[in-house]
Amino acid sequence: MTTSIEVLESIRAWLKENVCSEFKFKKPDDENTSGGYNYELVEPEVFLMFPPTKDVNNNKPVVPSVTVQFDERSDALIKGKNTMHIRLNFATWDPGLHTGDGFQRNVEGWRDVLNFVEATLRGLENAEFINDIRILKELEIKSGPISEQDAIINFYPYWFSYISFYCEFRAISTKEKYSELL
């Protein structure tokens, strides 16, 4: 039987290989958002269930990143298929435009997180399976900015968005497990 952890880890590996490896975003520098610094571009990290705090993550930044979570799992044991509702939470950091002429603070950083989300959506649309996990394309794949009580939250210069979808994976029944031994 595929476990919830195996599903999450498969999605994490797929994201690292097929999405995150194609991007580099600004590494946060909360001490200096005036633009008078040489910013560094880094590949996004992928976390499972909860992003760690910086001190737990060996003082490495936890943004840019995508966090793979699930909030519901249904097991249809007779049918031999399980479903899971997956939520991907995306985070980027961008205080403004860095050019050769200097820095201009703006609120256009949402474009980074939206590009990240849309590249992931394209990947999900093109993938039928992630390992043995089938993306349930017949159900809605939803995306949007992170909101609270129907209001988009402003955490400038951090930008957040999400994708949610359902996936299906095979359950091995007890009968199947023991038939090999008989």
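Remember, it's a predicted structure, so these values are computed and weren't measured experimentally. Counting from 1, the numbers follow the sequence of the chain as shown.
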S.K.: So for atom NZ, which belongs to Lys27, do other residues, nucleotides or ligands contribute more than 12 heavy atoms lying within a distance under 6.0 Å?
M.R.: no

S.K.: At what distance, to the nearest 0.5 angstrom, does CD1 of Ile135 lie from CD1 of Ile141?
M.R.: 6.5 Å

S.K.: Less than 4.0 Å between a side-chain N and a carboxylate O, is that true for Asp75 and Arg73?
M.R.: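 Judged by the 4.0 Å cut-off on N to carboxylate O distance, Arg73 and Asp75 do form a salt bridge.
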
S.K.: Which heavy-atom pair separates Asn82 from Ala76 by the least distance, and what is that distance?
M.R.: OD1-N, 3.6 Å

S.K.: State plainly whether one hydrophobic cluster holds both Leu15 and Met49, where clusters connect Ile, Leu, Val, Met, Phe, Trp and Tyr through side-chain heavy atoms under 4.5 angstrom apart.
M.R.: yes

S.K.: Could you tell me which non-hydrogen atom of Cys20 sits nearest to which non-hydrogen atom of Glu43, and how far apart they are?
M.R.: O-CG, 3.1 Å

S.K.: If you count heavy atoms of other groups shown closer than 6.0 angstrom to CG of Leu97, is the number above 12?
M.R.: yes

S.K.: Tell me, yes or no, whether the heavy-atom count around Glu17 atom CD, taken from other residues, nucleotides or ligands under 6.0 Å, exceeds 12.
M.R.: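 Counting other residues, nucleotides and ligands, CD of Glu17 stays at 12 neighbours or fewer.
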
S.K.: Let me check something: do Phe23 and Val42 share a hydrophobic cluster, defined by ILVMFWY side-chain heavy atoms less than 4.5 Å apart, either directly or through other members?
M.R.: no

S.K.: For Ile5, does the CD1 atom sit with more than 12 other heavy atoms under 6.0 Å from it, leaving out its own atoms?
M.R.: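 No, the 6.0 Å shell around CD1 holds no more than 12 heavy atoms from other groups.
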
S.K.: Out of curiosity, Lys26 NZ to Glu40 CD, how far, rounded to the nearest 0.5 Å?
M.R.: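 Here the rounded value is 13.0 Å.
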
S.K.: Do Val63 and Phe155 share a hydrophobic cluster, counting only Ile, Leu, Val, Met, Phe, Trp and Tyr and linking them when any side-chain heavy atoms are less than 4.5 Å apart?
M.R.: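 As far as the 4.5 Å side-chain criterion goes, Phe155 and Val63 are connected within one cluster.
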
S.K.: Kindly determine whether Ser143 and Leu121 satisfy side-chain contact (heavy atoms from CB on, under 4.5 Å), including the steps that lead there.
M.R.: CA-CA 9 Å; Ser143 63; Leu121 284 170; 3.7 Å; yes

S.K.: Does any part of the side chain of Trp110, heavy atoms only, come nearer than 4.5 Å to the side chain of Thr92, both counted from C-beta?
M.R.: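 Contact flag for Thr92/Trp110 side chains = no.
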
S.K.: What pairs of donor and acceptor atoms, side-chain ones from residues 157-166 against any protein atom, are under 3.5 angstrom apart with sequence neighbours left out?
M.R.:
| from | atom 1 | to | atom 2 | distance (Å) |
| --- | --- | --- | --- | --- |
| Tyr158 | OH | Asp30 | OD1 | 2.9 |
| Tyr158 | OH | Asp30 | OD2 | 2.7 |
| Trp159 | NE1 | Asp94 | O | 3.2 |
| Trp159 | NE1 | Pro157 | O | 3.0 |
| Ser161 | OG | Gly144 | O | 2.5 |

S.K.: Measure the NE2-OH distance between His98 and Tyr39 for me, rounded to the nearest 0.5 Å.
M.R.: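 Interatomic distance, His98 NE2 to Tyr39 OH, rounded to 0.5 Å: 6.5 Å.
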
S.K.: Less than 4.5 Å apart, side chain to side chain, heavy atoms only: is that true for Phe70 and Ser4?
M.R.: yes

S.K.: For residues 112-133, which residue pairs qualify under side-chain hydrogen bond (donor to acceptor under 3.5 Å, both in side chains), counting only residues two or more places apart or in two chains?
M.R.: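 Listed once each, the pairs are Ser10-Asn131.
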
S.K.: Yes or no on side-chain contact (heavy atoms from CB on, under 4.5 Å) for Leu88 and Ile11, after CA distance, side-chain angles and deciding distance?
M.R.: CA-CA 10 Å; Leu88 307 176; Ile11 294 170; 4.2 Å; yes

S.K.: Following the transitive rule for hydrophobic clusters with a side-chain heavy-atom cut-off under 4.5 Å over Ile, Leu, Val, Met, Phe, Trp and Tyr, establish whether Val107 and Phe25 coincide in one cluster.
M.R.: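 Yes, one cluster joins them.
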
S.K.: Which atom names give the shortest non-hydrogen contact between Ala91 and Val113, and what distance separates them?
M.R.: N-CG2, 4.3 Å

S.K.: Nearest 0.5 Å, what's the CZ-CD distance between Arg12 and Glu45?
M.R.: 10.0 Å

S.K.: Is the shortest heavy-atom distance from the side chain of Phe50 to the side chain of Gln69 under 4.5 Å?
M.R.: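 SC-SC contact between Phe50 and Gln69 confirmed.
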
S.K.: Can you find a pair of side-chain heavy atoms, one from Phe90 and one from Pro44, that are under 4.5 Å apart?
M.R.: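 No, too far: nothing below the 4.5 Å cut-off.
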
S.K.: Are Leu48 and Val66 linked, directly or through intermediate hydrophobic residues, by side-chain heavy-atom contacts shorter than 4.5 Å (ILVMFWY only)?
M.R.: yes

S.K.: Please report the interatomic distance CG(Leu136) to CD1(Ile86), rounded to the nearest 0.5 Å.
M.R.: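 If I round to the nearest 0.5 Å, the distance is 10.5 Å.
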
S.K.: For Pro95 and Tyr156, work out which heavy atoms get closest and say how close.
M.R.: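 Heavy atoms of Pro95 and Tyr156 come nearest at O-OH, 2.6 Å.
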
S.K.: Within this structure, what is the CD-NE2 distance for the pair Glu72 and His85, rounded to the nearest 0.5 Å?
M.R.: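 That separation rounds to 7.5 Å.
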
S.K.: If you look at every heavy atom in Asn106 and Gly96, which pair is closest and at what distance?
M.R.: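 Closest heavy-atom pair between Asn106 and Gly96: OD1-CA, 3.5 Å.
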
S.K.: Report, as yes or no, whether the 6.0 Å neighbourhood of atom CD on Glu138 holds more than 12 heavy atoms from other residues, nucleotides or ligands.
M.R.: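 Yes.
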
